Amino acid sequence: QSLIHVFFNSYNVYENSMTQETRKVLLLCIPLVVVELIVHRLFIDQPYLAMRQTFQAEFLSHLQAFPFQYRVLSIGQAVMLQKLGVSFEWSYLSIRGLWLFIAGILMFRFFKQLVSSDEALVGLLYFFAALPLTYINVYMQETDDVNLVCYLLSYVFIAERRDLLLAPI
């Protein structure tokens, strides 16, 4: 089975194509993530660039406070992109975009287990609309999207009685 089937369970194995609903959610998440990245760039990345660079330098020097010093996934991904020549700002935006896209799909999946598909789409729109409120007074929250994906993925695994898949998380 494909990863899409395991994680999202909306892959049609018999026809080997995605369902119409899955296409709709994937296509809806793309512009929502782009708008979210624009908002984050304007209100967080640009005004607090120096503070964000200091945060990363302290992280790489092992001087960052608990719990940030131990949250290596997203910052490590951004540093790898920077080593490939991507700028500081765009490395974090691209990582944020990837994790937000995954979170959007999982959030829809979470809502769909509780309400109808149309209501789940409204919930997804509300999630992306409310997300900028989490930026108030926070200049570096790079691990939040990864945490959100882990929590949502855990919920999906537990709800589908596939608890064993939680072992790597």
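Since we're looking at a predicted model, the values are computed, not measured. Just the heavy atoms: all of them, side chains too, but no hydrogens, waters or symmetry mates, feed the values below.
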Engineer: If Ile, Leu, Val, Met, Phe, Trp and Tyr residues are connected whenever their side-chain heavy atoms lie under 4.5 Å apart, and connections chain through other members, are L49 and F59 in the same group?
Structural biologist: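 Yes, same cluster.
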Engineer: Under 4.5 Å between side-chain heavy atoms, hopping through other hydrophobics if needed: is there a path connecting Y151 to Y155?
Structural biologist: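 No; Y155 is not reachable from Y151 via cluster members.
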Engineer: For L164, does the CG atom have more than 12 heavy-atom neighbours from other residues, nucleotides or ligands under 6.0 Å away?
Structural biologist: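 12 or below, so no.
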Engineer: Say you draw a straight line from CZ of F55 to CD1 of I75; how long is it, rounded to the nearest 0.5 Å?
Structural biologist: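 Spacing of CZ (F55) from CD1 (I75) equals 4.5 Å.
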Engineer: Which atom names give the shortest non-hydrogen contact between P132 and E36, and what distance separates them?
Structural biologist: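 Here P132 and E36 meet closest at CD-OE1, 3.6 Å.
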Engineer: In Å, rounded to the nearest 0.5 Å, how long is the span from CG of L124 to NZ of K112?
Structural biologist: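 Separation between the atoms: 13.0 Å.
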Engineer: Would you call R41 and Y92 a side-chain contact if the rule is heavy atoms closer than 4.5 Å?
Structural biologist: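 Side-chain contact under 4.5 Å: no.
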Engineer: What are the two closest non-hydrogen atoms of S91 and A78, and how far apart are they?
Structural biologist: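 It is CB-O, 3.5 Å.
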Engineer: With rounding to the nearest 0.5 Å, note down the distance linking CG in L106 to CG in L148.
Structural biologist: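 The distance works out to 8.0 Å.
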Engineer: Of all heavy-atom pairs between D163 and I158, which one has the smallest distance, and what is that distance?
Structural biologist: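 For D163 versus I158, the nearest heavy atoms are OD1-CA, 3.8 Å.
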Engineer: Determine, using the 4.5 Å side-chain heavy-atom cutoff (strictly less than), whether I30 and L28 are members of one ILVMFWY cluster.
Structural biologist: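 Looking at the clustering, L28 is in the same group as I30.
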Engineer: Would you check if H40 and L131 make a side-chain contact, meaning some heavy-atom pair closer than 4.5 Å?
Structural biologist: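 H40 does not reach L131 side chain to side chain.
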Engineer: Compare all side-chain heavy atoms of V33 with those of F128 and state whether any distance is below 4.5 angstrom.
Structural biologist: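 When only atoms from C-beta onward are counted, F128 and V33 do touch, with a gap below 4.5 Å.
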Engineer: Would you kindly confirm whether V115 and M107 end up in one hydrophobic cluster when ILVMFWY residues are joined by side chain heavy atoms under 4.5 Å apart?
Structural biologist: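 Shared cluster, yes.
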Engineer: Would you give the length of the straight line joining atom CZ of F88 to atom CD of Q53, rounded to the nearest 0.5 angstrom?
Structural biologist: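 If we round to the nearest 0.5 Å, F88:CZ and Q53:CD are 5.0 Å apart.
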Engineer: How long is the straight-line distance from SG of C29 back to NZ of K24, given to the nearest 0.5 Å?
Structural biologist: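 K24 atom NZ to C29 atom SG measures 13.0 Å (nearest 0.5 Å).
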Engineer: Could you give the distance from CD1 (I105) to CG (L26), rounded to the nearest 0.5 Å?
Structural biologist: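 It is 4.5 Å, given to the nearest 0.5 Å.
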Engineer: Indicate yes or no: at least one non-hydrogen side-chain atom of I38 is less than 4.5 angstrom from one of L42.
Structural biologist: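 Side chain of I38 against side chain of L42, heavy atoms only: contact under 4.5 Å found.
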Engineer: With clusters defined by side-chain heavy atoms of hydrophobic residues (ILVMFWY) lying less than 4.5 Å apart, directly or transitively, does V146 cluster with L166?
Structural biologist: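 Yes: a chain of side-chain contacts under 4.5 Å links L166 to V146.
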Engineer: With heavy-atom distances below 4.5 Å as the criterion, would you say the side chains of F111 and E119 are in contact?
Structural biologist: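 F111 vs E119: side chains apart.
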Engineer: Could you please spell out the steps behind the side-chain contact (heavy atoms from CB on, under 4.5 Å) verdict for Q77 and L81?
Structural biologist: CA-CA 6 Å; Q77 290 171 335; L81 287 176; 5.9 Å; no
